[in-house]
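Reviewing the structure listed below.
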Amino acid sequence: MGGKDTELILGIDIGGSGIKGAPVDLRKGEFATDRSRIDTPQKAKPDEVAEIVAQIAEEFVDEVGADSPVGVTVPAVVHHGVARSAANIDDSWIDTDVDKLFTKVLGRPVVVMNDADAAGEAEVHYGAGKDVAGVVLMTTLGTGIGSALFLDGALVPNTELGHLELDGKDAEDRAASSVREEKDLSWKEWAKRLQRFYRHVEDLFWPDLIIVGGGVSKHADEFLPLLDLRTQIVPAQLRNDAGIIGAAWHASR
Ligand code: BGC
């Protein structure tokens with residue numbers, strides 16, 4: 001695999017406001033050093049973002065070596081290394097072979113995956129879904145709604161449940177955390193929308209556990225108790241670190 005310590009793998013999470021990376025200690029599922037962050041340019045295109053990702057990778061050569069694989073997340077469907085959607089990013093991402101582009105720009109193997117799938121991998125291996133058998137569903141509530149579905153710890157990639165239709169609208173346009181902020185919804189008002197979303201999802205998938213991530217999960221006490229579901233629903237444990245940790249984990253496989 002290369003690198004100085006095969007247990008340290010670099011993970012990089014491409015978000016709407018920041019591109020963040022850190023070497024991850026895969027034995028512990030934790031960052032081995034402080035993370036680095038660079039603002040995401042407005043309307044960022046793949047080439048521009050690849051340069052920033054390369055810059056972050058450069059910063060951690062001492063920790064992970066110059067040739068170990070790098071795990072990267074994007075907020076899009078990633079089907080066999082190719083981005084296939086662009087709900088909250090520039091349309092130029094669609095049909096870009098992101099594995100190939102990033103591997104070329106970084107000069108080392110890069111494995112790109114959906115951001116929610118990465119966060120889910122981290123929670124399932126190190127966090128709220130660790131050792132949980134059966135069907136586990138991770139959801140991330142942020143600018144959009146992301147999802148990651150697992151059966152006995154194995155990921156079914158690109159489930160995209162944030163785009164389920166609810167009351168004639170995209171679910172994430174009704175119930176994402178960004179909608180709560182934009183519309184200044186109270187926790188109770190927002191919880192009503194989440195209730196519709198999660199009830200629909202549990203009726204379709206019958207999960208054993210639902211994990212709620214995204215920045216707003218730190219306020220889980222404000223809204224999770226307002227939901228009336230048959231499925232156990234818990235806040236994510238790795239919070240904002242989950243994307244980076246899950247991407248590193250995935251790249252190490
Ligand atoms: C995208 C997903 C992504 C989610 C969270 C959605 O709009 O379609 O691919 O996982 O936002 O970023």
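In each ligand, atom 1 is the first atom listed, and ligand 1 is the first ligand listed.
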>> Students should be able to answer this: which protein heavy-atom is nearest to atom 7 (O) of ligand 1, and at what distance?
In response: E172 OE1, 2.8 Å
> Nearest protein heavy atom to atom 9 (O) of ligand 1, by residue and atom, and its distance?
Replying inline: E160 OE2, 2.6 Å
> Cation-pi between R84 and W93: NZ/CZ under 6.0 Å from ring centre and within 45° of the ring axis?
Replying inline: no
> Taking the six-membered ring of W190 as reference, does the NZ or CZ atom of R174 fall below 6.0 Å from its centre and within a 45° cone about the axis?
Replying inline: no
>> Under 4.0 Å, counting heavy atoms only: does N158 come that close to any atom of ligand 1?
In response: no
> Has A76 got any heavy atom lying under 4.0 angstrom from an atom of ligand 1?
Replying inline: yes
> How far apart are the C-alpha atoms of S178 and E181, what are their side-chain angles, what is the distance that settles it, and do they pass the side chain to side chain donor-acceptor pair (under 3.5 Å) test?
Replying inline: CA-CA 5 Å; S178 59; E181 285 162 20; over 6 Å; no
>> If only side-chain N and O atoms count, and only distance matters, is there a donor-acceptor pair under 3.5 Å linking T231 with Y198?
In response: no
>> Is it the case that the side chains of T73 and D13 hold a donor-acceptor pair, with the cut-off being a distance below 3.5 Å and no angle test?
In response: yes
> Side chain, backbone, both or neither: which part of D117 has a heavy atom under 4.0 Å from ligand 1?
Replying inline: neither
Output yes when the distance from some N or O of ligand 1 to some N or O of [X] is under 3.5 Å, and no in every other case.
X    : answer
D115 : yes
T140 : no
S85  : no

> If you look only at pairs with a residue in residues 41-57, which of them pass as a salt bridge (Lys or Arg N to Asp or Glu O under 4.0 Å), with sequence neighbours excluded?
Replying inline: K45-D90
> Which pairs pass salt bridge (Lys or Arg N to Asp or Glu O under 4.0 Å) with one or both residues in residues 213-222, sequence neighbours excluded?
Replying inline: none
>> Suppose I only count heavy atoms of A87 and a 4.0 Å limit; which atoms of ligand 1 are within that range?
In response: 7 (O), 8 (O)
